[in-house]
Visitor: 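Below you'll find the structure I mean.
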There are 2 protein chains.
Amino acid sequence: MKRNSRADVIETASRLFAEKGFHGTSMRDLGGELGLLGSSLYSHIGSKNELLVDVVRQSAAMFQKLADDVSASVEPAPKRMFQLVRGHLNILVNDPYQAQTFLNETRFLPPNEREIAVKLFDHYQKTFHKVISDGQDAGFYRNSMDVHLAANLILSLLNGTTRWFRDNGPLDIGDVSAEIAVLLGSGLSSSKSIKGL
Amino acid sequence: MKRNSRADVIETASRLFAEKGFHGTSMRDLGGELGLLGSSLYSHIGSKNELLVDVVRQSAAMFQKLADDVSASVEPAPKRMFQLVRGHLNILVNDPYQAQTFLNETRFLPPNEREIAVKLFDHYQKTFHKVISDGQDAGFYRNSMDVHLAANLILSLLNGTTRWFRDNGPLDIGDVSAEIAVLLGSGLSSSKSIKGL
DNA sequence: CCTACCGATCGGTAGG
DNA sequence: CCTACCGATCGGTAGG
């Protein structure tokens with residue numbers, strides 16, 4: 001019977017929030033998973049909201065770091081795009097519970113905290129906009145493409161993987177990112193031939 | 001002050017379930033939106049679970065019908081793929097609350113009902129598998145592509161649109177499906193040139 | 001981290 | 001559709 005740290009509580013909370021949702025997880029549920037009573041959690045944390053805040057912040061920091069790294073890169077746009085795709089998938093796979101909580105439960109944060117997360121995600125999206133835009137300027141990507149729309153579609157595709165990708169499944173993250181690379185690569189290319197559609 | 005029908009209750013429930021989640025919506029919340037008390041809802045419905053069951057079933061029926069229509073089609077694979085994409089987007093846009101509840105809250109159904117929904121979605125996915133597989137056999141799509149993975153990626157992309165697509169936004173569903181068509185079209189083509197990645 | 005609680009809110013019912 | 005409830009569960013606190 002080992003003692004639980006605050007980090008243990010947050011980690012387990014992220015799993016339960018991902019699996020059963022923030023509102024579907026009671027403090028007694030969470031305590032039960034850690035082998036203690038719900039009321040005992042309050043020696044580690046101040047409130048249930050605080051748990052969600054911490055999980056979302058941790059996840060947000062991951063995406064923030066990726067955005068910073070890619071923004072600092074001087075590689076050609078398609079390579080930076082692959083860095084984003086690969087890095088984004090890595091974040092989702094490394095801590096799927098944290099990522100799912102970020103993606104699905106951020107809306108349940110208190111308003112001020114939610115705004116911070118939304119702004120951070122906007123900034124993250126801008127990294128995609130920049131890469132796509134640079135790719136157009138350099139002739140890699142179609143100029144006809146709506147930059148915001150393309151970014152939204154790519155992010156949708158990436159975030160959706162949390163719904164079906166399993167780390168112990170038949171595919172590894174390399175398979176998935178390679179397939180996405182091909183899918184996006186050809187689809188984003190300036191020279192393309194659309195057939196049949 | 002008009003009376004509410006059972007259909008009104010379900011429709012409003014789908015909106016609240018989409019916005020605040022199943023567990024984040026109380027019967028008193030729902031009653032409040034309809035101008036009555038939470039307890040008064042029970043003259044229209046039997047339980048809160050029943051509301052979720054009904055919303056999910058309605059949405060599931062939409063996807064079921066699309067799958068049946070496309071399965072009955074004898075068009076070339078790329079055209080059927082576009083029917084799926086366009087039809088799927090139409091369902092999401094026509095009733096975004098219902099669709100979001102289907103996508104996000106199905107997991108909170110009672111086990112037996114959840115299994116039904118999962119099976120139905122599996123069947124829906126198989127429609128994508130068939131189209132992709134046919135497209136490979138007919139030489140439209142790369143044979144190297146993993147059919148299940150491609151279907152998952154396409155569905156991720158489509159379902160993710162519920163997070164950002166707004167019916168009154170600058171883009172209409174035609175813009176979005178056209179962009180997706182180009183993205184998928186070239187990316188799925190058997191003749192392609194990957195550059196830079 | 002537990003014991004022993006608290007007021008608030010939950011889904012739901014009986015009866016009109 | 002309301003009045004008047006019900007037992008269960010919620011997030012959280014005081015004190016050890």
Side-chain angles (χ1 to χ4, degrees), chain A residues 1-57 97 101 104-114, chain B residues 1-57 97 101 104-114:
Chain A
M1 284 295 175
K2 60 179 186 310
R3 285 242 157 179
N4 293 296
S5 68
R6 186 192 156 90
D8 294 331
V9 175
I10 293 168
E11 188 185 338
T12 302
S14 80
R15 198 187 87 231
L16 293 187
F17 291 167
E19 286 174 351
K20 322 202 305 173
F22 178 68
H23 291 301
T25 303
S26 75
M27 295 306 275
R28 286 160 178 83
D29 289 338
L30 178 55
E33 290 286 313
L34 291 161
L36 43 82
L37 297 175
S39 60
S40 300
L41 292 166
Y42 291 87
S43 55
H44 296 292
I45 54 117
S47 70
K48 190 186 178 187
N49 274 333
E50 187 185 305
L51 285 170
L52 183 57
V53 168
D54 276 25
V55 174
V56 168
R57 279 187 186 165
Y97 300 128
T101 299
N104 302 324
E105 311 300 319
T106 294
R107 56 185 165 149
F108 300 125
L109 283 173
N112 49 343
E113 280 288 340
R114 204 189 61 230
Chain B
M1 284 296 175
K2 60 181 188 309
R3 286 240 156 178
N4 293 295
S5 68
R6 186 193 156 90
D8 294 331
V9 175
I10 294 168
E11 188 185 339
T12 301
S14 80
R15 197 187 87 231
L16 293 187
F17 290 167
E19 286 174 352
K20 323 203 306 173
F22 178 67
H23 291 302
T25 302
S26 75
M27 295 306 276
R28 285 160 179 82
D29 289 339
L30 178 54
E33 289 286 312
L34 291 160
L36 43 82
L37 297 175
S39 59
S40 300
L41 292 166
Y42 291 87
S43 55
H44 296 293
I45 53 115
S47 71
K48 190 186 178 187
N49 273 332
E50 187 184 305
L51 285 170
L52 183 57
V53 168
D54 276 25
V55 174
V56 169
R57 279 187 187 166
Y97 301 129
T101 299
N104 301 324
E105 311 300 320
T106 293
R107 57 186 165 148
F108 300 125
L109 283 172
N112 49 343
E113 280 288 340
R114 204 190 61 230

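A note on names: the letters A, B, ... follow the listed sequences, proteins ahead of strands, and every chain is numbered from 1.
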Visitor: Got a sec? Which of residues 20-31 of chain A come in under 4.0 Å of DNA chain D, heavy atoms?
Guide: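 Contacting residues: A:Thr25, A:Ser26, A:Met27, A:Arg28.
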Visitor: Among residues two or more places apart or on two chains, list those pairs meeting salt bridge (Lys or Arg N to Asp or Glu O under 4.0 Å) that have a residue in residues 36-46 of chain A.
Guide: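 Every candidate salt bridge (Lys or Arg N to Asp or Glu O under 4.0 Å) pair involving residues 36-46 of chain A fails, so no pair, neighbours aside, qualifies.
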Visitor: Could you tell me whether a side-chain N or O of A:Thr12 sits under 3.5 Å from a main-chain N or O of A:Val9, the two making a donor and an acceptor?
Guide: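 Judged by distance alone, no pair lies under 3.5 Å.
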Visitor: Which residues pass the side-chain hydrogen bond (donor to acceptor under 3.5 Å, both in side chains) test with A:Asn4, not counting sequence neighbours?
Guide: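 Scan of A:Asn4 (side-chain hydrogen bond (donor to acceptor under 3.5 Å, both in side chains), adjacent residues dropped) gives none.
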Visitor: Does B:Thr101 offer a backbone N or O that forms a donor-acceptor pair with the side chain of B:Asn104 under 3.5 Å?
Guide: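 No; judged by distance alone, with no hydrogens or angles, the pair does not exist.
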Visitor: Tell me, which pairs form a side-chain hydrogen bond (donor to acceptor under 3.5 Å, both in side chains) where one or both residues lie in residues 22-35 of chain B, sequence neighbours left out?
Guide: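 Non-adjacent pairs meeting side-chain hydrogen bond (donor to acceptor under 3.5 Å, both in side chains): B:Arg15-B:Glu33, B:Lys20-B:Asp29, B:Ser26-B:Asp29.
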Visitor: Could you tell me which residues satisfy ring pair (Phe, Tyr, Trp, His ring centres under 6.0 Å) with B:Tyr97, sequence neighbours excluded, listed by chain and number?
Guide: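 Listed in chain order: nothing, the list is empty.
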Visitor: With sequence neighbours excluded, what pairs up with B:His44 under the ring pair (Phe, Tyr, Trp, His ring centres under 6.0 Å) test?
Guide: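 Here no residue qualifies.
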Visitor: Does B:Glu113 have any salt bridge (charged side-chain N to carboxylate O under 4.0 Å, His left out) partners at least two apart in sequence or in another chain, and if so, which?
Guide: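 By the salt bridge (charged side-chain N to carboxylate O under 4.0 Å, His left out) rule, B:Glu113 matches B:Arg57.
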Visitor: Which pairs, protein N/O on one side and nucleotides 1-4 of chain D N/O on the other, fall under 3.5 Å?
Guide:
| from | atom 1 | to | atom 2 | distance (Å) |
| --- | --- | --- | --- | --- |
| D:dC1 | OP1 | B:Asn4 | N | 3.3 |
| D:dC1 | OP2 | B:His44 | NE2 | 2.6 |
| D:dC2 | OP2 | B:Leu37 | N | 3.0 |
| D:dC2 | OP2 | B:Ser40 | OG | 2.6 |

Visitor: In whole angstroms, how far is the P atom of D:dG11 from the CD atom of A:Glu50?
Guide: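 Whole-Å distance recorded here is 15 Å.
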Visitor: Under 3.5 Å for both distances, Watson-Crick or G-U wobble, that's the pair rule; now give the dot-bracket for DNA chain D, with | marking pairs to another strand and [ ] for crossing ones.
Guide: ||||||||||||||||
Visitor: Just N and O in the side chain of B:Tyr42: are any of them under 4.0 Å from OP1 or OP2 of C:dT13?
Guide: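 Answer is no, no contact under 4.0 Å.
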Visitor: Are side-chain heavy atoms of B:Phe108 and B:Arg114 found at a separation under 4.5 Å?
Guide: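 In short, these two side chains do not touch, never coming nearer than 4.5 Å.
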Visitor: Which residues pass the salt bridge (charged side-chain N to carboxylate O under 4.0 Å, His left out) test with B:Arg6, not counting sequence neighbours?
Guide: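 Result, salt bridge (charged side-chain N to carboxylate O under 4.0 Å, His left out) vs B:Arg6: B:Glu50, B:Asp54.
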Visitor: Roughly, in whole Å, what's the span from CG in B:Leu52 to C1' in C:dG11?
Guide: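 Going from CG in B:Leu52 over to C1' in C:dG11 covers 15 Å.
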Visitor: What is the distance, to the nearest angstrom, from the CG atom on B:Asn49 to the C1' atom on C:dG12?
Guide: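 Rounded to whole Å, this separation is 12 Å.
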Visitor: To the nearest angstrom, how far is A:Leu41 atom CG from D:dG11 atom P?
Guide: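 Checked: the CG to P distance equals 10 Å.
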Visitor: Among all residues two or more places apart in sequence or in another chain, which pass the side-chain hydrogen bond (donor to acceptor under 3.5 Å, both in side chains) test with B:Arg107?
Guide: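 Per chain and number, B:Arg107 pairs via side-chain hydrogen bond (donor to acceptor under 3.5 Å, both in side chains) with no residue.
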